[in-house]
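Naming convention: chains lettered A, B, ... in sequence-line order (proteins, then strands); numbering from 1 in each chain. Only this structure's heavy atoms are used, side chains among them; waters, hydrogens and symmetry mates stay out.
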Amino acid sequence: MTEKGPTPLERFINGILPENPVYRQVLGMCPTLAVTNGMKAAMTMAAAVAFVLVCANILTSLIRNLLKPHLRILVFTLTIATFVTVADRIIAAYMYDMSKQLGPYIPLIIVNCIIICRCEVCASKQNVLTAATDALGQSLGFALALASIASVREILGSGSWFGIEVMPAGWPDWVVMVLPPGAFLTLGLLLGAANWIGELAARRRTTQGVA
Amino acid sequence: MSEEQQNQTEVAPAPSLEVAPGPHLHTTKLSTRRMMADVLIALVPLVVAALAVFRMGAVMQIVVCTAAALVAEYLFTAMRGKPFSLGDGSAAVTGLILALSLPGTAPWYVGAIGSFSAIGLGKVVFGGLGQNVFNPAMVGRAFVMIAFPAAVGASAYVDTSSVVEAVTRATPLTALKQEGLPTSLADLFIGSTNGSLGETSALACLIGGLYLCIRRTASWEIPAGVIAAVAVIAGLINLTDMQAHWTVAHHILGGALLFGAFFIATDPVSSPLTPKGKWIFGAGVGALVMLLRKLSGYPEGVMFAVLIMNALVPLINRWTIPVPVGGPVPEPKS
């Protein structure tokens, strides 16, 4: 049986930049806005999402021929919830402070659109290898997006990066960047910048094609 | 075909008639540049009062904010590939109003970052002058106020080591909020109190504001609505609490109320278009100012009141569309 759809490599590369979950698909806004006030929290969130996404994609791909169309979303959600519970308990057991800091946002991965989207778009239609590389690519893209937003917010808002002071001693902390308005402003401006860069690249490609 | 063309060329050219859609009335006097020049002229008394009270702090803040606003305007219009709009003076007005709304004790980067966010986040992201939903200067001030509470918050106004006498005391509204201390009306009117640069002198705000209203650069309905709403609500508060330290006159002359009513709320881009809408807008600003002064944690609320009412302007405009001559336009039958 030959499968339609992109190859594993295409899936992997697409997830990182061309179909970046945050900057291109604008999915998973809740963790993107809520936990990006510091790099540590953002990277923990990215790792938790990556774990859940890879596991859920592989399992969904394995059972894809058993799925009933009208029950598939339910099955996706249950699959995701299982792995989110695992991730939540692991973080609570080994990174207690981080678990307290992230609060409800780890359990909320269950309703993270990125994962349901990948299960629906890729894992329920393609084989295990493709689903796994797709999950890895999307996770990497999500981690990159969170890292870019969290870097801006933590460096401007606290003068540090991963908790290490990087700005000169007299740096006035931009408190607004750590607060929710800073999340919206940073996301909006970076989204605009990403669109602008994408447009420039597309324009260069078309002019090269003509010439 | 060719014969026809020949005939046409031989005919004497018709008198040139310009055809254009209405309205045909126009005046060269009413331009953005003229309006902004008017605002700058009207701000002169405020600048003089600020220089008289706050000296070097005022000089530094006004220079930094205006220069940063012009640089930001230049950079952001260049980024958008639009023709440069420095000549219309709107960026200078934004920078000057922002400077006058900040305390003279704030460090230089507060004014610079405030100006960049005012022009960038307040104006250019919406598409430039005329497209902005919120008053740019107030967006800039809100940004630095949340970003640097230690430098722009209520306690930042007081600098006990300052050589300027007014700066060593708490602002009238902070004194009222935290210690229940009244301030004399004469001080509030002349402006020998602490506060943001432009707000201290009620007299200077009135002179500049009346000039703007007489020149019709600002709509008189908006400041009238603000002051009326504040007077009514402050009057009601006084009736229920005879012991209140601040009377109606205190509430009108104190804080940034007159500065906000005449210079900030009247921004023609972010205020309603119709006369009735302007009354509603002004009254809303006044009511929110009193609400924030009495019940919020902040001593003053003009900035947030104007920003909140700015968000309602599209709705107010829709509600107050005037009925054209000859009755309402009939609904098209679908």
Look at atom [atom1] of [X] and say whether more than 12 heavy atoms of other residues, nucleotides or ligands are closer to it than 6.0 Å.
X: A:M29; atom1: CE; value: yes
X: A:F184; atom1: CZ; value: no
X: B:M56; atom1: CE; value: no

(request) Taking all heavy atoms of A:V175 and all of B:I146, pick out the closest pair and write down the distance. (result) CB-O, 3.6 Å
Short of 3.5 Å, which donor-acceptor contacts do chain A and chain B share? List atoms and distances.
from	atom 1	to	atom 2	distance (Å)
A:V175	N	B:A147	O	2.8

(request) Answer whether the closest heavy-atom distance between the side chains of B:V144 and A:V176 falls below 4.5 Å. (result) no
(message) What part of B:P149 gets within 4.5 angstrom of chain A, counting heavy atoms only: side chain, backbone, both, or neither?
(response) side chain
(message) Counting only non-hydrogen atoms closer than 4.5 Å, does A:L185 touch chain B with its backbone (N, CA, C, O), its side chain (CB onward), both, or neither?
(response) side chain
